[in-house]
Amino acid sequence: MAKNITPRATNFPQWYQDVIAAGELADNSPVRGCMVIRPNGYGLWESMQEKLDRMFKETGHVNAYFPLLIPQSFITKEAEHVEGFAPELAVVTQAGGKELEEPLVIRPTSETIIGHMYAKWIQSYRDLPVLINQWCNVMRWEKRTRLFLRTSEFLWQEGHTAHETYEEAQEETLKMLGIYKEFLEDVCAIPVIPGAKPEHEKFPGAVTTYAIEAMMQDKKALQAATSHNLGQKFAKAFEIKYLGRDNQEELAWTTSWGCTTRMIGGLIMTHGDDDGIIVPPRLAPLQVVVIPIYKTEEEKLAVLDFADQVALRLRAKLSNLKVKVDYREDMRPADKFFTWIQRGIPLRVEIGPKDVQNKGGMLVRRDNRQKVFCALEGIEEKAAEILENIQADLFKKAGDFMRENIRPAETYQEFKDILAGPGGFILAHWDGTKQTAELIQSETKATIRVVPEDEKDKPGKCVRTGKPSSQRVLFAVAY
RNA sequence: CGGGGUGUGGCGCAGUCUGGCUAGCGCACCUGCUUUGGGAGCAGGGAGUCGGAGGUUCGAAUCCUCUCACCCCGACCA
């Protein structure tokens with residue numbers, strides 16, 4: 001057992017922090033609420049970026065960059081937007097030793113400045129759609145922060161698109177939600193539930209907000225990504241107008257969508273075990289680590305030579321960077337095992353004198369510790385197969401866990417019993433009012449996460465008020 | 001912002017109530033030897049002025065005042 005990680009059952013939040021420290025994923029910075037993302041953590045982010053970026057580009061999006069600082073007046077142009085973000089803005093009031101004429105806001109998100117630029121760039125329906133994404137940092141001065149899950153500054157991508165019609169914008173909004181779902185499930189092996197957010201949980205300035213929700217091992221919900229149909233609200237505020245096919249001036253329809261470094265927190269809390277993080281193979285920057293084991297100088301020569309042969313084969317199959325041989329001489333094998341375990345590397349190959357003799361290596365899975373001996377010949381195929389199995393098993397395990405912990409509640413007593421007992425997600429009817437949602441939240445801490453697509457047209461009676469309800473919604477205690 | 005808590009080598013803590021001698025302990029770190037297939041052992045060594053400022057006192061980690069920071073629980077949020 002890990003000696004530097006509190007078991008999940010003992011204290012889940014402490015476990016989470018310990019896993020981050022043990023895996024050297026991130027550290028607190030001297031600046032309140034900000035984190036330093038260490039190479040092991042940043043590697044995960046780079047990998048997420050790489051996969052997502054590809055998916056964005058394959059769907060026609062391009063990258064650009066907009067500035068960090070936004071004129072304060074921009075934020076105030078859209079009424080809901082300013083109301084939503086004002087409390088958490090960091091503002092620059094001085095620069096170059098002088099008080100600024102107009103304070104500059106450090107972007108909490110970039111709808112406003114991008115809207116401003118789009119207004120300039122878009123003149124005609126021929127300029128549409130505009131499909132731009134940017135990878136950047138944003139700042140929201142949160143009261144309470146937790147590494148990866150909620151930090152004052154975080155990294156993310158924000159896509160901003162402008163379209164000719166509502167339908168196109170809506171299609172884009174749902175397409176991107178689908179891409180997030182695909183990414184989370186296929187790459188991160190994190191099962192998610194997509195759906196629309198209720199009115200009162202929308203992004204400030206959105207017509208409709210969609211999100212995907214994941215279940216952590218403590219059965220709390222984590223919003224993993226969001227996609228907003230902004231209607232014409234920002235177009236109106238920033239005068240993004242175009243001359244239509246009918247020679248009439250019209251407002252564009254815009255969307256925005258984003259996901260953040262929070263996903264790393266989700267990854268930890270979905271797959272991690274008491275020994276630390278487990279990185280799904282498709283996401284892992286490093287998939288296989290080869291550990292040579294020897295005592296004598298003679299053994300060392302033979303073992304290292306053989307380990308290199310193994311690595312050569314693995315690299316040919318998995319690519320150079322996905323395989324590492326741990327040559328360090330000042331560390332004993334057991335110590336190496338643990339450090340790689342705590343970094344969540346999916347597969348370990350142990351090469352000792354016995355293995356050299358038997359012309360093979362011992363493959364050890366990170367997720368379930370299964371060990372299997374494999375001959376040098378074909379070891380790369382076997383490794384690739386195991387990696388895919390790990391990927392599938394992680395997803396299945398997380399999916400089973402989530403499904404087992406989604407329960408319907410007909411009565412409020414049932415609702416409360418579930419939260420007090422097993423916990424998890426609850427499907428229940430809701431009368432659609434903010435008042436009722438807030439009542440339920442204050443009484444149980446549970447919030448409406450999303451309205452799942454296949455639950456939105458199910459009439460019934462509100463679990464709290466008994467009033468008519470047109471939909472079942474997903475409730476959970478959330479991060 | 002409300003409630004609670006904590007600040008002592010890199011990390012975790014003891015010492016504070018009841019002021020006193022060179023401020024201890026575990027882990028980590030460095031050196032050497034032995035070890036090496038699931039977190040090693042022995043020996044030696046380096047490193048702190050006790051969050052900060054002020055005060056009381058012959059004498060302060062310890063008492064008093066102010067202040068800062070961090071953590072946990074709420075409210076706010078990706």
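Chain letters run A, B, ... following the sequence lines, proteins first and then strands; every chain starts at 1. Values below: all heavy atoms of this structure, side chains included; hydrogens, waters and symmetry mates excluded.
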Determine the contact category for A:T226: base if any of its heavy atoms lies under 4.0 Å from a base atom, sugar-phosphate if only primed atoms, P, OP1 or OP2 are that close, otherwise nothing. nothing
When the C1' atoms of B:C58 and B:G41 are compared, how many Å lie between them, rounded to an integer? 49 Å
Roughly how far apart, to the nearest Å, are B:G51 and B:A23 at atom P? 16 Å
B:G39 base stacked by A:F338 (centroids within less than 5.5 Å, tilt under 30°): yes
Do A:E158 and A:Q134 meet the criterion of a side-chain donor-acceptor pair at a distance under 3.5 Å? yes
Find the partner of B:A23: check Watson-Crick (N1-N3 plus N6-O4 or O6-N4) and G-U wobble (N1-O2, O6-N3) distances, both under 3.5 Å, and reply none if neither fits. none
One pair to check against salt bridge (Lys or Arg N to Asp or Glu O under 4.0 Å): A:K397 and A:D367. What are the steps and the verdict? CA-CA 11 Å; A:K397 191 177 172 191; A:D367 63 330; over 6 Å; no
Looking at A:V82 and A:I75, what are the two nearest heavy atoms and their distance? CB-O, 3.3 Å
Write down the partner of B:G74 under the Watson-Crick or G-U wobble criteria, each distance required to be under 3.5 Å. B:C1
For B:U65, the Watson-Crick or wobble counterpart (both distances under 3.5 Å): B:A53
Which residues, if any, of residues 197-211 of chain A bring a heavy atom under 4.0 Å of RNA chain B? none
Let's see if you get this right: which residues in residues 344-351 of chain A place a heavy atom under 4.0 Å from RNA chain B? A:R348, A:E350
Aromatic A:F415 / basic A:R464 pairing, under 6.0 angstrom, 45° off normal: no
Counting only heavy atoms not in A:E46, do more than 12 sit closer than 6.0 Å to its CD atom? yes
Looking across every strand, which nucleic acid part, if any, lies under 4.0 Å from A:L222 by heavy atom: base, sugar-phosphate, or nothing? nothing
B:C50 and B:A14, which share atom name C1', separated by this distance in whole Å: 13 Å
Give me the distance, rounded to whole Å, that separates B:A61 from B:G9 when you measure between the C1' atoms they each carry. 14 Å
Would you please indicate yes or no on a ring centroid separation below 6.0 angstrom for A:F148 and A:W45? no
Compute the ring centroids of A:F203 and A:Y210, then answer whether they are less than 6.0 Å apart. no
Heavy atoms of other groups near A:E443 CD, more than 12 under 6.0 Å: yes
Is the ring pair A:H116/A:F74 parallel, tilted or perpendicular, if the boundaries are 30 and 60 degrees? tilted
Kindly assign one of parallel, tilted or perpendicular to the pair A:W156 and A:F154, based on the angle between their ring planes and the thresholds 30° and 60°. perpendicular
Enclosure of A:E80 CD (heavy-atom neighbours >12, cutoff 6.0 Å): yes
Across the strands shown, which category fits A:I341 at heavy-atom distances under 4.0 angstrom: base, sugar-phosphate, nothing? base
Per the atom types in the model, does the base of B:G37 pair as donor or acceptor with the side chain of A:D355 at under 3.5 Å? yes
Collect all protein-nucleotide pairs involving nucleotides 70-76 of chain B in which both atoms are nitrogen or oxygen and the distance is under 3.5 Å.
residue : atom : partner : partner atom : Å
B:C70   : OP2  : A:R32   : NH1          : 3.0
B:C72   : OP1  : A:Q17   : NE2          : 3.0
B:C73   : OP2  : A:R144  : NH2          : 2.1
B:G74   : OP1  : A:K445  : NZ           : 3.0

Between A:A478 and A:G352, which has a closest nucleotide on RNA chain B that is more 5'? A:G352
Starting at NZ of A:K3 and ending at P of B:C27, how long is that distance when rounded to a whole Å? 10 Å
Using Watson-Crick geometry (N1-N3 plus N6-O4 or O6-N4) or G-U wobble (N1-O2, O6-N3), each under 3.5 Å, B:U18 is paired with none
Over 12 foreign heavy atoms within 6.0 Å of CD, A:Q49: yes
Paired with B:C33: which nucleotide, if any, by Watson-Crick or G-U wobble criteria at under 3.5 Å for both distances? B:G41
